[in-house]
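Just so we're on the same page: letters track the sequence lines, and every chain starts at 1.
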Protein chains: 2
Amino acid sequence: MEAGLNLEEGKKGRITIRDVAAAAGVSISTASKALNGIGRMGEETRERVKRVAREIGFRPNALARGLLSKRSFTIGLLTNDTYGRFTLPVMAGISEALVDHGVSVFLCAIEDDPALGQIHVEAMLDKQVDGIIASGKRLDRSLPVDLSNLPVPVVYAYTEGPPDSVIFRSDDAQGARLAVEWLVKLGRRRIAHITGPESFFSVRERAGAYAQIAGDAEPVMYGIWAESWGREAVAQIWSRSGEKPDAIFCGNDQIARGVIDALRERAIRVPEDVSVVGFDNWEIMAEQTRPPLTSVDMGLKALGREAGLTILALAEGKPVEAGVRKLPCHLVVRESCGGSLED
Amino acid sequence: MEAGLNLEEGKKGRITIRDVAAAAGVSISTASKALNGIGRMGEETRERVKRVAREIGFRPNALARGLLSKRSFTIGLLTNDTYGRFTLPVMAGISEALVDHGVSVFLCAIEDDPALGQIHVEAMLDKQVDGIIASGKRLDRSLPVDLSNLPVPVVYAYTEGPPDSVIFRSDDAQGARLAVEWLVKLGRRRIAHITGPESFFSVRERAGAYAQIAGDAEPVMYGIWAESWGREAVAQIWSRSGEKPDAIFCGNDQIARGVIDALRERAIRVPEDVSVVGFDNWEIMAEQTRPPLTSVDMGLKALGREAGLTILALAEGKPVEAGVRKLPCHLVVRESCGGSLED
DNA sequence: AGGAGCAGAGAAAACCTTTTCTCACTTGAC
DNA sequence: GTCAAGTGAGAAAAGGTTTTCTCTGCTCCT
């Protein structure tokens with residue numbers, strides 16, 4: 001047995017295929033073919049090489065391999081979502097989808113700095129990434145960096161992209177319908193909508209879907225993405241004369257939180273008097289409200305998974321149809337509306 | 001001018017140094033030396049090569065370069081902090097410190113799955129990372145993966161590591177002192193401490209520092225890391241007979257949030273009647289409380305920066321002293337205590 | 001027996017860059 | 001007019017792997 005007489009092969013550096021070849025008593029080419037399951041050789045030889053490789057702990061150098069194959073099994077994820085509320089679930093989905101294929105992910109947070117973005121893109125290209133996924137915190141804004149005419153494929157996940165690109169985003173209208181229909185199904189008749197700035201595309205989508213079902217008995221209340229706005233909006237509604245809503249559909253979970261707090265301060269019971277539903281299903285927020293918040297989940301992890309599989313397909317040269325793909329939201333039922341999924 | 005007659009060099013693939021050499025009418029070696037500012041050659045030649053390279057948009061292939069230099073200018077960040085509350089600031093710091101050096105970061109979220117961790121570590125090693133930074137969500141827990149005896153350096157950032165390793169962590173005792181001394185300075189005399197599970201090292205550190213200053217007039221109240229515990233603890237305190245605290249030092253911002261909510265429900269004014277201070281300075285939480293929460297910031301970004309620079313030094317073969325490095329916390333003053341930094 | 005065909009395995013090129021070595025030529029000194 | 005020293009630039013090897021091509025025997029058929 002030539003192999004096994006060393007735990008720490010004297011020479012410097014990692015174990016290469018050359019060491020495997022020597023230990024197995026074959027040439028480098030034969031070793032390579034044996035390990036990759038290609039080429040012609042005796043079954044006995046192939047097994048011996050494989051065994052030896054395992055014994056001495058050989059792992060192929062991905063750099064060398066990538067140099068030749070022009071595939072680095074690496075992709076870049078570019079995001080301006082510093083806080084990571086949207087990007088992290090997306091990232092988790094991407095990673096989950098790609099780890100099986102041996103692909104690793106460079107994460108680059110570029111804030112909103114075009115120069116920094118440029119630097120990171122160039123660094124990733126230098127490292128021969130197989131593709132780039134652009135991600136953000138807003139569906140109707142682009143990253144501050146030009147990703148057209150890159151030598152690698154690009155897909156966009158939860159961020160705006162150019163017309164002929166592949167874009168994944170949540171179906172906010174469908175998500176809003178889910179929420180409002182749920183309220184209707186629970187018997188609610190006067191449903192208010194307190195949401196973020198009208199300048200946000202998501203806000204308009206959600207408000208549009210809301211209005212289609214709920215009508216215009218209650219006006220949509222646009223504001224900012226903050227608890228304080230939720231509280232203030234409730235104050236406005238309850239200082240008005242006339243009938244009060246029996247349900248409030250909120251543009252995100254922070255607003256919903258403010259709404260719930262304000263309702264409790266007015267001794268209005270949730271969900272008995274008023275049902276509240278949020279958007280984003282930001283667990284750390286939704287689970288800590290009193291009562292826990294029923295909320296629309298945008299399925300960002302699934303979105304990341306799709307984006308990952310798509311960039312992989314593109315990297316492998318498979319054709320992928322361009323266009324916007326809306327992925328469905330789903331409703332996470334907690335206690336702030338009453339009811340349960342079995343009802 | 002040989003260069004410039006093509007926007008899209010007919011052949012396939014990216015632009016290599018061979019193209020630069022041809023376009024500049026020199027050999028590959030000369031081109032390389034010119035671009036790297038080494039070797040001997042006429043100043044005119046050097047400038048011409050550089051100019052041509054710029055014109056045709058040459059960028060060296062990092063894979064090829066890494067193959068030779070055995071430096072990939074890539075590091076891995078391993079974390080089990082899925083939610084990213086701790087890892088993201090650390091990551092931002094690392095990235096910020098390393099981008100200037102052309103180093104990119106693989107982010108691998110491994111949940112608490114040892115098998116997944118192993119896969120990611122091996123993938124990173126195959127890709128010849130120059131080093132690995134392990135990070136987590138708890139100072140007294142290790143990642144579920146063995147990082148000893150790796151062929152690359154490892155540093156630990158906000159997670160437990162083996163005795164002879166380089167570990168960066170926040171100085172929680174100092175942070176707690178900062179908070180309590182601030183309360184004392186504002187004239188508070190009965191300071192309570194509502195915090196997380198005693199099993200957490202951070203909790204014991206913070207509680208220890210608290211007790212040293214505040215004494216044992218108020219017992220430390222251990223619970224869970226949730227708003228509900230903050231509310232419940234306040235209920236307990238105010239249902240007891242005897243003098244009530246005039247300040248509450250909370251183990252994290254979520255607890256502080258619950259405390260503030262519970263105090264308001266009792267019509268106890270913050271900060272007039274009771275000062276509240278949190279820990280973590282989790283902005284999205286601290287800024288949305290009423291009033292905004294004064295909180296201890298653990299300086300995770302700086303921690304990441306230090307970890308990044310250290311792994312870089314190790315990768316370059318510079319000696320680095322092993323041991324635990326505690327990085328200082330600082331106090332972010334908002335309104336929940338009264339007072340301002342100028343006082 | 002002579003050749004076709006095939007099984008098994010190695011040699012060498014290729015990927016792209018860096019670096020060491022070598023070579024040809026010029027200049028200046030004696 | 002030689003020699004030494006210096007200048008500018010190219011040839012070649014190295015890094016680890018994959019892949020194509022080539023080579024040597026062997027079997028089997030006629």
(message) One pair to check against side chain to side chain contact (heavy atoms under 4.5 Å, CB included): B/Leu35 and B/Phe58. What are the steps and the verdict?
(response) CA-CA 10 Å; B/Leu35 294 173; B/Phe58 169 72; 3.6 Å; yes
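Going from atom CD1 of A/Ile38 over to atom P of C/dG8 covers 16 Å, rounded to whole Å. Following rounding to the nearest Å, B/Arg48 (CZ) and D/dA9 (C1') show an atom-to-atom distance of 11 Å. Distance, A/Ile28 CD1 to C/dA9 C1': 14 Å, rounded to whole Å. One atom, CZ of A/Arg46, and another, P of C/dG8, lie 10 Å apart when rounded to the nearest Å. When the P atom of C/dC16 is taken as reference, atom CG of B/Asn36 falls 17 Å away, rounded to whole Å. When the P atom of C/dT17 is taken as reference, atom CD1 of B/Ile15 falls 11 Å away, rounded to whole Å. Rounded to whole Å, the distance from CG on B/Asp126 to P on D/dT18 is 11 Å. In this entry the distance linking CG of A/Asp19 with P of D/dG16 reads 9 Å, nearest Å.
Between the side chains of A/Lys127 and B/Ser104, at least one donor-acceptor pair of N or O atoms lies under 3.5 Å.
Ring to ring, A/Tyr156 and A/Phe168 are not that close: their centroids are 6.0 angstrom or more apart.
Contact annotation: B/Ser29 does not reach the phosphate of D/dG10 (side-chain N/O to OP1 or OP2, under 4.0 Å). In terms of phosphate contacts, B/Ser69 brings no side-chain nitrogen or oxygen within less than 4.0 Å of OP1 or OP2 of C/dT18. OP1 or OP2 of C/dC15 has not a single side-chain nitrogen or oxygen of B/Asn61 nearer than 4.0 Å. Proximity of B/Ser32 to the phosphate of C/dT17: no side-chain N or O atom is located under 4.0 Å from OP1 or OP2.
The side chain of B/Leu67 sits closest to D/dG15 out of C/dG10, D/dG15, D/dT17. Side-chain proximity of A/Leu68 to D/dG10, C/dC15, C/dG10: nearest is C/dC15. Candidate nucleotides D/dT17, C/dC16, D/dA11 were compared by shortest atom distance to the side chain of B/Ser27, and D/dA11 ranks first. In this structure, of C/dT17, C/dT18, C/dT19, it is C/dT17 that holds the atom nearest to the side chain of B/Thr16.
Both A/Leu63 and B/Thr30 sit near DNA chain D, but only B/Thr30 has its closest nucleotide nearer the 5' end. DNA chain C is contacted by both B/Lys33 and B/Ala64; B/Ala64 maps to the nucleotide lying nearer its 5′ end (nearest heavy atom per residue).
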Protein-nucleotides 4-8 of chain D N/O pairs under 3.5 Å:
unit_1: D/dG8; atom_1: N7; unit_2: B/Arg40; atom_2: NE; d: 3.4
unit_1: D/dG8; atom_1: N7; unit_2: B/Arg40; atom_2: NH2; d: 2.9
unit_1: D/dG8; atom_1: O6; unit_2: B/Arg40; atom_2: NH2; d: 2.8

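Atom CG of B/Asn36 is separated from atom NZ of B/Lys50 by 9.5 Å, given to the nearest 0.5 angstrom. Between atom CZ of residue B/Arg71 and atom CG of residue A/Leu63 there is a gap of 12.0 Å, rounded to the nearest 0.5 Å.
At a cut-off of 3.5 angstrom, the base of D/dG16 holds no donor-acceptor pair with the side chain of B/Lys70.
Using a cut-off of 4.0 Å between Lys/Arg side-chain N and Asp/Glu carboxylate O, B/Glu306 and B/Arg325 are scored as not salt-bridged.
Each end of the helix from C/dA1-D/dT30 to C/dC30-D/dG1 gets its own axis, taken as the rotation carrying the C1' atoms of four end pairs onto the next four within a five-pair window, and the two axes meet at 70° to the nearest 10 degrees.
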Cut-off 3.5 Å, no hydrogens considered: what does the side-chain donor-acceptor table look like for residues 311-321 of chain A, sequence neighbours left out?
unit_1: A/Glu316; atom_1: OE1; unit_2: A/Lys318; atom_2: NZ; d: 3.0

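A 4.5 Å side-chain heavy-atom check between B/Gln128 and A/Arg14 finds at least one atom pair inside the cut-off. Annotation: side chain of A/Val154 is not in contact with side chain of A/Ser165 (no heavy-atom distance under 4.5 Å). B/Arg48 is listed as a side-chain neighbour of B/Val26, based on a closest heavy-atom distance under 4.5 Å.
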